[in-house]
Amino acid sequence: MSPCSIETLQHQQQRNYVVGYALTSKKVKSFLRPKLEGLARNKGISFVPIDQNRPLSDQGPFDIVLHKMTGREWRQILEEYRQTHPKVLVLDPPDAIKHLQNRQSMLQCVADMNLFEFYGKVGVPRQLVIKSDASSIPDLVAEAGLRLPLVAKPLINDGSAKSHELSLAYDQYSLQKLEPPLVLQEFVNHGGVLFKVFIVGEAIKVVRRFSLPNVTKRDLLSNVGVYRFPRVSRAAASADDVDLDPSVAELPPWPLLERLAKELCQRLGLRLFNLDIIREHGTRDHYYIIDINYFPGYGKMPGYEQMFTDFFLSLMQQNP
Ligand SMILES: O=P(O)(O)O[C@@H]1[C@@H](OP(=O)(O)O)[C@H](OP(=O)(O)O)[C@H](O)[C@H](OP(=O)(O)O)[C@H]1OP(=O)(O)O
Ligand SMILES: Nc1ncnc2c1ncn2[C@@H]1O[C@H](COP(=O)(O)OP(=O)(O)O)[C@@H](O)[C@H]1O
Ligand SMILES: [Mg+2]
Ligand SMILES: [Mg+2]
């Protein structure tokens, strides 16, 4: 080994890395748990809270800034910090995250991806954006040829409780009751189970979660109106330990998930996110991506502590 590489090795062994974080108290509680802090500490990584009331450049020094905060002011602070501190890795760039804060732009890259026939078809349910004027919705839906039932989702996805208030609309006339701006998406029957694909850099983990049950033709004939539905898939109880119909439970093929994760990381410019994927009921390989979340609930993902420690270590090796 050359003296130079011995020096680099010693430097790496001695160096401590600091991850500054700007997270809600809820996120700190669910994510920064003692096991993660312990595993990271053993590798020389420490976590330091960022005080949002003080200039960022007076704090640290940081090697990595981990954040999930919304708002234009915070975005500007971070963008400026990135320019003046190019060696600090901001996870992830605020402009890239902003892309996910609108349910139309969120799925645009999936639509552009062209992943047809690669271990399955992957797409986005047909959808229509309604910016204003609820009274025009029935006509617009008819013109676009969207099939009922429809899932109505607030267009803005800013993490507020309101942005997660979704409804299922069974008939065209009742669509006037909805409050734009929103996205109207065709409901795709998927056997009541969805796949949450968590991405942490290059690592992937997939879990099953409960979802909305299928809507039958009879349901459609016997129901009218618009119904708000609860956050079915967020429940901590996963659908992984339950006896399910194997055709519903079968996970999407690994090569497909790898390809999807890689492409989306590149296209979105993000390293920390998850995808909600459903498989159309009665098909083996028709998949739809219905939601993409920035820095989601990793705390519910088994083994996330090791996955994040490895992720931070790999970032350090890239930036010794
Ligand atoms: O609170 P958690 O742990 O359920 O995580 C939420 C995510 O749940 P999941 O990872 O799918 O289980 C949740 O995912 P869904 O949108 O429910 O699919 C969101 O990512 C949510 O963030 P935000 O409210 O959209 O900013 C996430 O909320 P935050 O923790 O980021 O506030
Ligand atoms: N197009 C769809 N077809 C079938 N079910 C859907 C569709 N879109 C959403 N859902 C159901 O609604 C839930 C919430 O929708 P999602 O787009 O993931 O919003 P959120 O960001 O609030 O999680 C999903 O987890 C799934 O159960
Ligand atoms: Mg979701
Ligand atoms: Mg979401």
Side-chain angles (χ1 to χ4, degrees), residues 21-33 35-36 66-72 74-75 91-92 94 96-110 124-125 127 151-168 182-183 185-188 190 192-200 203-212 228-241 252 257 260-261 264 268 270-279 287-305 307-308:
Y21 62 89
L23 301 170
T24 59
S25 50
K26 175 183 160 232
K27 202 69 163 178
V28 171
K29 206 166 153 217
S30 69
F31 177 76
L32 265 184
R33 290 213 289 258
K35 184 169 175 192
L36 172 61
L66 195 61
H67 71 106
K68 182 172 179 177
M69 294 286 186
T70 48
R72 183 196 294 222
W74 173 244
R75 254 200 329 270
L91 290 174
D92 278 311
I97 298 170
K98 194 163 175 264
H99 215 69
L100 300 187
Q101 287 169 355
N102 174 306
R103 292 189 191 266
Q104 183 184 28
S105 56
M106 169 202 285
L107 297 181
Q108 194 52 53
C109 342
V110 182
V124 174
Q127 62 178 41
V151 187
K153 310 184 183 187
L155 181 63
I156 303 305
N157 180 43
D158 57 3
S160 60
K162 205 165 169 50
S163 69
H164 292 292
E165 284 178 4
L166 274 62
S167 347
L168 195 59
L182 43 86
V183 168
Q185 200 173 76
E186 283 190 344
F187 179 87
V188 178
H190 54 282
V193 169
L194 69 72
F195 308 105
K196 283 241 168 216
V197 183
F198 288 91
I199 289 148
V200 180
I204 308 168
K205 192 132 199 165
V206 57
V207 298
R208 297 180 191 89
R209 292 269 178 90
F210 290 114
S211 181
L212 293 177
R228 278 264 299 278
F229 61 84
R231 298 186 68 181
V232 269
S233 314
R234 201 180 170 197
S238 87
D240 275 327
D241 311 317
L257 296 182
L260 259 182
L264 283 175
L268 293 167
L270 297 172
R271 306 192 211 213
L272 301 174
F273 59 100
N274 76 3
L275 312 171
D276 290 354
I277 305 187
I278 54 178
R279 177 171 50 230
Y287 295 96
Y288 291 91
I289 297 185
I290 53 171
D291 189 22
I292 307 181
N293 301 298
Y294 181 62
F295 202 145
Y298 286 113
K300 283 180 275 178
M301 186 182 84
Y304 83 96
E305 298 93 339
M307 223 162 137
F308 265 87

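Just so you know, these numbers come straight off a predicted model, no measurement behind them. In each ligand, atom 1 is the first atom listed, and ligand 1 is the first ligand listed.
- Those atoms of ligand 1 with a heavy atom of Gly159 less than 4.0 angstrom away are 23 (P), 24 (O), 26 (O).
- Contact record, Leu194 with Ile290: CD2-CD1, 4.3 Å, taken as the closest heavy-atom pair.
- Counting only heavy atoms of the protein, atom 28 (O) of ligand 1 lies nearest to Lys26 NZ, 3.4 Å.
- Annotation: atom 6 (C) of ligand 1 to nearest protein heavy atom, Arg234 NE, 3.8 Å.
- For atom 31 (O) of ligand 1, the closest non-hydrogen atom on the protein side is Lys68 NZ, 2.7 Å.
- For atom 3 (O) of ligand 1, the closest heavy atom belonging to the protein is Gly297 CA, 3.2 Å.
- Within 6.0 Å of atom NZ in Lys98, 12 or fewer heavy atoms from other residues, nucleotides or ligands are found, so the atom counts as exposed in its surroundings.
- Atoms CG and CG, from Leu107 and Asn102 in turn, are 9.5 Å apart once rounded to the nearest 0.5 Å.
- Taken to the nearest 0.5 Å, the CE atom of Met307 stands 4.0 Å off from the CE atom of Met301.
- If you number the atoms of ligand 1 from 1 as listed, the ones under 4.0 Å from a heavy atom of Pro296 come out as 10 (O), 20 (O).
- Within Asp291, the N, O or S atom at minimum distance from the Mg ion (ligand 3) carries the name OD2.
- When heavy-atom distances to ligand 1 are checked against a 4.0 Å cut-off, Asn274 comes that close only through its side chain, counted from C-beta outward.
- None of the N, O or S atoms belonging to Asp276 lies under 2.8 Å away from the Mg ion (ligand 4).
- Scanning the protein for heavy atoms near atom 12 (O) of ligand 1, the closest one is Lys300 NZ, 2.7 Å.
- For the pair Thr70 and Gln101, the tightest heavy-atom approach, listed with the atom from each and the gap, is CG2-NE2, 3.2 Å.
- At a 3.5 angstrom cut-off on N or O pairs, Asp158 does not count as close to ligand 1.
- Contact record, His99 with Leu268: CD2-CD2, 4.1 Å, taken as the closest heavy-atom pair.
- Of all heavy-atom pairs between Ile156 and Ser163, the closest is O-CB, 3.1 Å.
- Checking Asn293 against the Mg ion (ligand 4), an N/O/S atom falls under the 2.8 Å cut-off.
- Counting protein heavy atoms only, atom 24 (O) of ligand 1 is closest to His164 NE2, 2.8 Å.
- Between Arg209 and ligand 1 there is a heavy-atom distance shorter than 4.0 Å.
- Atoms of ligand 1 lying under 4.0 Å from at least one heavy atom of Asp291, given by number and element, are 15 (P), 16 (O), 18 (O).
- The shortest N or O to N or O distance between Asn157 and ligand 1 is not under 3.5 Å.
- Between Ile292 and Leu270 the shortest side-chain heavy-atom distance does not fall below 4.5 Å.
- Phe198 and Tyr304 have their aromatic ring centers separated by at least 6.0 angstrom.
- Near Arg231, meaning under 4.0 Å from any of its heavy atoms, are these atoms of ligand 1: 13 (C), 15 (P), 16 (O), 17 (O).
- Taking each heavy atom of Glu186 and Pro125 in turn, the nearest pair found is O-CB, 3.6 Å.
- Atoms of ligand 1 lying under 4.0 Å from at least one heavy atom of Asp276, given by number and element, are 18 (O).
- The aromatic rings of Phe308 and Phe31 stand perpendicular to each other, their planes meeting at an angle above 60°, with 30° marking the opposite boundary.
- Gln127 approaches Arg103 most closely through the heavy-atom pair NE2-O, 3.8 Å.
- Remark: ligand 1 and Tyr294 share no N or O pair separated by less than 3.5 Å (distance only, no angle test).
- Closest to atom 16 (O) of ligand 1, if we only count protein heavy atoms, is Asn293 OD1, 2.9 Å.
- Of the inter-residue distances, the one linking His164 atom NE2 with Lys153 atom NZ reads 11.5 Å to the nearest 0.5 angstrom.
- When only interatomic distances are considered, the shortest N/O to N/O separation between Lys196 and ligand 1 falls below 3.5 Å.
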